[in-house]
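Working notes, structure below.
The structure displayed is predicted, hence computed values, not measured ones. Indexing begins at 1, ligand by ligand and atom by atom, following the structure's order.
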Amino acid sequence: MYMAGTLWKWTNYFSGWQERWFVLDNGILSYYKSEDDVNSGCKGSVKMSVCDISVHPTDATRLDLIIPGEQHFYVKAATAQERQEWLVALGSTKASMVKNTDEADSVTNDLLKTKRSELRLYCDLLVQQIHSIKTVAEKKHEIDIQKLDEVTSLLSPTCDTFIQTLEECMYLVQSTTTAMMYEVNRSPTLPITDATIPSSPLKLSLKKSRQLSRQNSNDLLSLHSHSRSPSISSIDTLNTSRQNSRIRSSTSEPSSLESPDQTVPNSSVINFLTNENSSINSLDRLGHVQSNPKEVKQTERLSEIRENDGTKSVDDASVLKTTNVSSYNGLQTETLTSRLSETSFKSSDDNDVFLDPIESRVPTFFSEMESSFMDLKINEDAGIPVEPFLDSCKNLLPIFDKLNSTAFAPVKMDFQGNIRKVRTKYSIHPEQFTTLQSIILHEISKRQQNLPSSATMALLWMKRSLEFISGFLEEIKKGEENLSSAATRAYTASLKPYHGWVVRGVFAVAVKALPYHHTFLSLMNPSEVDVDNQTFYSSLMLDIETFCSATGVVVKILNDFFMAHNLNIQEQI
Ligand SMILES: CCCCCCCCCCCCC/C=C/[C@@H](O)[C@H](CO[C@@H]1O[C@H](CO)[C@@H](O)[C@H](O)[C@H]1O)NC(=O)CCCCCCCCCCCCCCCCC
C-alpha cells in the first residue's frame with residue numbers, strides 16, 4: 001500500500017499545526033518538511049504495525065497515531081474525506097500486517113507441523129514395507145507368494161497417502177503464500193490486472209485519488225453498522241420479486257393487452273437458455289425477448305404486460321424458475337437449464353407464431369458471456385459442479401476492467417483470489433472434488449475449513465459477493481438510476497454485516513468511483529447498438545433477471561449448505 005499527501009502535524013503549542021508531506025510505503029508512515037524534501041531524508045516515521053489509530057471525537061479531519069507508551073502523532077487532513085482516505089490506507093496496512101503475522105500464520109504453521117510429522121510416518125512405513133518385501137524376496141528357494149502379496153499390497157496405499165499428504169502441504173504453503181502476498185498487496189491503489197500477484201503497487205497521490213470521485217451523495221464517513229439477519233437469503237427476495245413479474249406461459253389465454261400490434265409472443269419471452277442448444281450463439285441461449293422491438297416501446301410497458309397477464313401463468317418461465325428452487329428444496333433438482341429448455345421447446349411447439357428471438361434482441365454483457373450461472377448443471381443432490389461455477393465467476397471479472405478505476409482493485413483482487421483458492425484446491429483431486437460441497441466436506445474432515453486460506457472461506461465470501469452483485473443488479477432492474485444507492489442497498493443486505501470499519505471504508509471509496517447510470521448501461525453494451533435503444537434496455541433487463549435468478553439458486557444452495565455445517569461465520573473482517 002502506497003499513499004502520499006499533505007497532512008498537518010501537531011508540533012507544539014508554540015508552532016501549532018505544521019504542514020508536512022506524508023508518505024505511507026511498505027507499512028511505514030514517514031513525513032517530510034515538504035514534497036521536495038522527500039529525497040533528503042524524513043523528519044520522522046512510524047511503523048504501522050505497532051501503532052494504534054484513533055479518530056478525534058469532534059474534529060472530522062483529525063486522526064491520531066499512538067505507539068502505546070511511547071509516541072503520539074496528531075495529524076489533520078485538509079478535509080474529512082481526505083482523512084477517510086488516509087484512515088482506509090493506514091487501517092488496511094495495519095490490518096494486513098497484523099493478520100499475516102498473527103492468526104493465519106500460526107494456524108497454518110501448526111497444520112504444516114502436523115503434516116510434516118504425518119509425512120515422516122508414511123516415510124517410515126514405506127521403509128518398513130520395502131524392508132519386508134526385501135526379506136521375503138531374499139528367501140530365494142521358499143518365496144511365500146501369499147506373504148509377498150500381503151506386504152506389496154500395502155505399498156500402493158501408503159504411497160498414495162504420502163503423495164496426498166505432500167499435496168496438502170503444498171496446497172497449504174501455496175495458498176498461504178498467495179494469501180500473504182495478496183493481503184500485503186491489497187490496496188485501493190493497485191493497478192487492476194489479471195496477474196496472479198500484483199508486482200508493484202501503483203503510486204497514487206491524494207490529488208489523483210480525489211479524481212476518482214465521480215458520482216455520489218453518500219457521506220464517506222457514514223460507516224455505521226446496520227443490523228440485518230445475515231441468514232436472509234437473496235432467493236427469498238428473488239421469489240417475491242418474481243411473483244410481481246410473471247411471464248406469460250405458452251398456454252395462457254391472451255390478455256387484454258395482447259392486441260396484434262402489442263403482443264409479446266409467448267415463446268420468445270419464455271425462450272431461456274437450453275442445454276441442447278448450448279452450441280448456438282449466446283443470444284439464442286438467452287433469447288427471452290419481445291417479438292419485435294417496435295411492439296414493446298418501453299421497459300415499463302413490458303413489465304406492465306407481464307404483471308397484467310401473469311395471473312394465469314401456472315406453467316410460465318418465472319414460475320419454473322421458482323420451481324427449480326423448490327425442487328432444490330425438495331432435493332429433486334434438475335438443471336436450471338434443462339428445466340428452462342423444456343419450457344422453451346414446449347412453448348415453441350404450442351405456438352404457431354414463434355418469432356426468432358435473435359431478430360428482436362441485442363447483445364448485452366450477459367449474453368456475450370461464454371458461460372454463466374444459467375449454464376450450471378446442478379446435480380440431483382444439489383451438488384454444484386466446480387469448474388462451471390468457477391468459470392461463471394471468472395466471467396464476471398471483465399466488469400472490473402470496464403469500471404476502469406483503481407478503486408475497484410481490492411475488490412477484484414479479493415474475488416479473483418477466491419476463485420484461485422478454490423481452483424487450487426480443486427486441482428489437487430479433480431476426480432474427487434467434483435462439486436463445491438465435496439471440497440468443503442474434505443476441508444471439514446481435515447479441520448481446515450476455517451483457515452483464511454481455505455477454499456471453504458473463499459466460497460463463503462464468494463457467495464456473499466454474489467449476493468451483493470445480484471442485489472445490485474436487482475436494484476437496477478427495479479429502476480434505480482443512482483448506482484451509489486443501488487450499491488449501498490445491496491451492500492447493506494449482503495457484505496456490510498461482515499465488514500469492519502476498514503473494509504467499509506474500501507467500499508465507500510469504491511462506491512464513489514461508480515459511473516453514472518448511462519455510462520454503466522454503455523459498459524453493459526458490447527455492440528454498436530445505441531445504448532438508448534429501447535431494445536437494448538429491454539434485453540439488458542431481461543438478461544439481468546435471468547442472471548439474478550440463476551445466481552439466486554446457487555446462492556440458496558450454498559447458504560443452506562453453510563448453515564447446515566455451521567460455517568456461516570458471523571465475524572466481521
Ligand atoms: C458496484 C460496485 C461496487 C463495488 C463495491 C463492492 C463491495 C466492496 C466491498 C469491499 C471489499 C474490499 C476488498 C476486500 C475485502 C476482504 O477483506 C473481504 C474478506 O476477505 C476474505 O477474508 C477471508 C478471511 O481472511 C478469506 O478467507 C477470504 O478468502 C477473503 O475473501 N472480502 C470481501 O468482503 C469480499 C468482497 C468482494 C466483493 C465483490 C463484489 C463484486 C462487485 C462487482 C461489481 C460489479 C457490478 C455489477 C455488475 C455485474 C455485471 C455482471
Heavy-atom check, side chain of Ser485 versus side chain of Arg489, under 4.5 Å: yes
Shortest heavy-atom approach to atom 41 (C) of ligand 1 - which of Thr364, Ile469, Leu514: Ile469
Phe400 heavy atom under 4.0 Å from ligand 1: yes
Please say which of Ile384, Thr435, Asn568, Leu441 ends up in a side chain to side chain contact (heavy atoms under 4.5 Å, CB included) with Phe561. Leu441
Is a donor from one side chain sitting under 3.5 angstrom from an acceptor on the other, for Asp543 and Thr364? yes
Check Met462, Lys463, Met413 against Asn418 for a side chain to side chain contact (heavy atoms under 4.5 Å, CB included) and give me the one that passes. Met462
Shortest heavy-atom approach to atom 39 (C) of ligand 1 - which of Val411, Val503, Asn395, Val422: Val411
May I ask which of Phe507, Phe408, Trp461 has a heavy atom nearer to atom 19 (C) of ligand 1 than the others do? Trp461
Just let me know how Phe472 lines up against ligand 1, side chain, backbone, both or neither, with a heavy-atom cut-off below 4.0 Å. side chain
Considering only NZ, NE, NH1 and NH2 on the basic side and carboxylate oxygens on the acidic side, decide whether Lys478 and Glu475 come within less than 4.0 Å. yes
Among the heavy atoms of Val511, does any lie under 4.0 Å from an atom of ligand 1? no
Side chain, backbone, both or neither: which part of Lys421 comes within less than 4.0 Å of ligand 1 when only heavy atoms are counted? side chain
